[in-house]
S.K.: 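Here you go, one structure.
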Amino acid sequence: MERVIIKGVGSYIPECVLSNADLEGMVDTTSEWIVTRTGIESRRICLDTEMASDLGCEAARRALENANISGCDIDLIIVATVTPDMRFPATACIIQEKLGCVDIPCFDVNAVCSGFIYALDVARNFLLNNSKMKNVLVIGTEKMSSIVDWEDRSTCVLFGDGAGAVILSRDVGEDSDAGILDVLVGANGSLGRLLHCPIHESAGPIGVSRTDQNKYFIRMEGREVFKEAIKRMCSVAEDVLLRNNLTIDDIACVIPHQANMRIISAIADRMEIPMEKMFINLQHTGNTSAASIPIAIDEALQNGKIQSEDLILTIAFGAGMTWGAALIRWK
Ligand code: ACO
């Protein structure tokens with residue numbers, strides 16, 4: 001029986017820590033407000049010279065090492081990002097060159113914080129439908145610091161930079177219940193206005209007025225996003241469990257998008273998920289958008305929260321609005 005497994009995982013978060021105390025000196029906020037409203041204590045921020053491709057490339061190198069394969073073994077690269085180095089070429093192509101994976105197809109996916117789950121679904125379908133492909137590299141990488149308005153206290157405290165990567169591989173084995181069992185994604189474009197960023201140039205809005213700068217930054221109606229996130233993350237998780245005849249009791253570890261502790265607690269409450277099943281690392285990463293879930297998977301593995309044969313449920317939500325969930329039997 002053919003299936004798609006996760007053969008390797010890697011992540012990279014930049015060295016520079018931006019603490020809540022640092023933010024107190026930048027905008028009118030307090031560490032206490034940030035921790036109470038979001039659970040975030042610190043986030044990592046890139047150097048000006050670091051780009052999403054650099055973070056993604058480092059995460060990819062670690063995932064390749066973990067899978068014990070080299071760049072030459074990769075047949076396709078998909079990058080989920082909303083902070084590409086450039087409008088084009090795709091960040092996936094830039095990473096291909098850095099990894100030396102010559103001539104293989106590469107493209108980017110933009111589904112914001114749900115981007116990694118969308119990319120996982122696309123990669124899985126490539127592998128299942130193209131027998132020539134063996135290994136696909138899926139990366140979520142974000143330099144959110146380049147699109148955050150550092151004068152807007154309601155958004156700048158939420159985000160961080162980082163990258164996570166997985167190697168997906170086609171595998172034939174006796175055990176059919178292993179690998180990515182199912183992925184479910186959705187979107188509601190009519191709510192796009194709730195969270196948007198009109199223009200993005202990674203070089204930043206140099207030499208433009210503050211009014212024009214507004215076009216370059218994240219704009220969010222936080223309360224509305226908060227309610228929609230809980231509603232959609234619960235419904236997509238319930239739907240994917242239902243259509244696989246599973247209940248939350250079958251799940252060993254839930255990896256939710258790391259946006260806000262209160263969103264995660266509300267999902268746990270509504271779905272009656274014990275908090276100890278919820279993996280949470282947003283305290284030290286903040287919201288890294290498309291990188292959030294692969295970074296969390298890597299940290300959950302490193303912390304022994306995922307064991308072989310465990311059934312994992314990942315749940316994402318982001319601007320669009322977009323959402324997604326994936327069921328993975330760890331191998
Ligand atoms: N420090 C201090 N006060 C602040 C800050 C801050 N950093 N930010 C906002 N406030 C103030 C507001 O100005 C407001 O003051 P007012 O009552 O005098 O007008 C007060 O705090 C309450 O503001 P709210 O926006 O109502 O606060 P809320 O409890 O909703 O929390 C938050 C705001 C944390 C942004 C919340 O709405 C949220 O988490 N929303 C989800 C957003 C999110 O996660 N987005 C990420 C992308 S989507 C995703 O990844 C799921």
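Since the structure is predicted, the reported quantities are computational estimates derived from the model, not experimental observations. Each ligand, and each atom within it, is numbered from 1 in the order the structure gives. Hydrogens, waters and symmetry mates are skipped; everything else that's a heavy atom, side chains included, is used.
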S.K.: For ligand 1, is any non-hydrogen atom under 4.0 Å from Asn287's backbone (N, CA, C, O), its side chain (CB onward), both, or neither?
M.R.: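 The side chain, only.
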S.K.: Evaluate whether atom CG of Asn129 has more than 12 neighbouring non-hydrogen atoms of other residues, nucleotides or ligands under 6.0 angstrom away.
M.R.: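 Correct, the count exceeds 12.
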S.K.: Strictly less than 4.0 Å: does any protein heavy-atom distance to atom 16 (P) of ligand 1 fall in that range?
M.R.: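 No, there is none.
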S.K.: One thing to verify: whether Glu228 and Lys231 come together as a salt bridge, which I'm taking to mean a side-chain N less than 4.0 angstrom from a carboxylate O.
M.R.: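 Here Lys231 pairs with Glu228 in a salt bridge, since their nearest N and O are under 4.0 Å apart.
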S.K.: Salt bridge or not between Arg61 and Glu65? Use side-chain N to carboxylate O under 4.0 Å.
M.R.: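 Here Arg61 does not pair with Glu65 in a salt bridge, since their nearest N and O are not under 4.0 Å apart.
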S.K.: Heavy atoms of the protein only: does one fall short of 4.0 Å from atom 28 (P) of ligand 1?
M.R.: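 When distances to the protein are checked, atom 28 (P) of ligand 1 has a heavy atom within 4.0 Å.
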S.K.: Do Gln258 and Glu299 touch side chain to side chain, with heavy atoms closer than 4.5 Å?
M.R.: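 No; the side chains remain at least 4.5 Å from each other.
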S.K.: Any atoms of ligand 1 less than 4.0 Å from a non-hydrogen atom of Phe317? List them with their elements.
M.R.: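 Close to Phe317: 49 (C), 50 (O), 51 (C).
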S.K.: Compute the shortest N/O to N/O distance between Gly222 and ligand 1 and return yes if it is under 3.5 Å, no if not.
M.R.: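 Such a contact does occur with ligand 1.
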S.K.: Would you call Lys331 and Asp171 a salt bridge, taking side-chain N to carboxylate O under 4.0 Å as the test?
M.R.: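 Yes.
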S.K.: Can you figure out which of His257, Gln258, Glu24 has its heavy atom closest to atom 50 (O) of ligand 1?
M.R.: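 When every heavy atom of His257, Gln258, Glu24 is considered, His257 comes closest to atom 50 (O) of ligand 1.
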S.K.: Answer side chain, backbone, both or neither: which part of Thr155 comes under 4.0 Å from ligand 1, heavy atoms only.
M.R.: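 Neither; no heavy atom under 4.0 Å.
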S.K.: Side chain, backbone, both or neither: which part of Thr29 has a heavy atom under 4.0 Å from ligand 1?
M.R.: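 For Thr29, backbone and side-chain atoms both sit under 4.0 Å from ligand 1.
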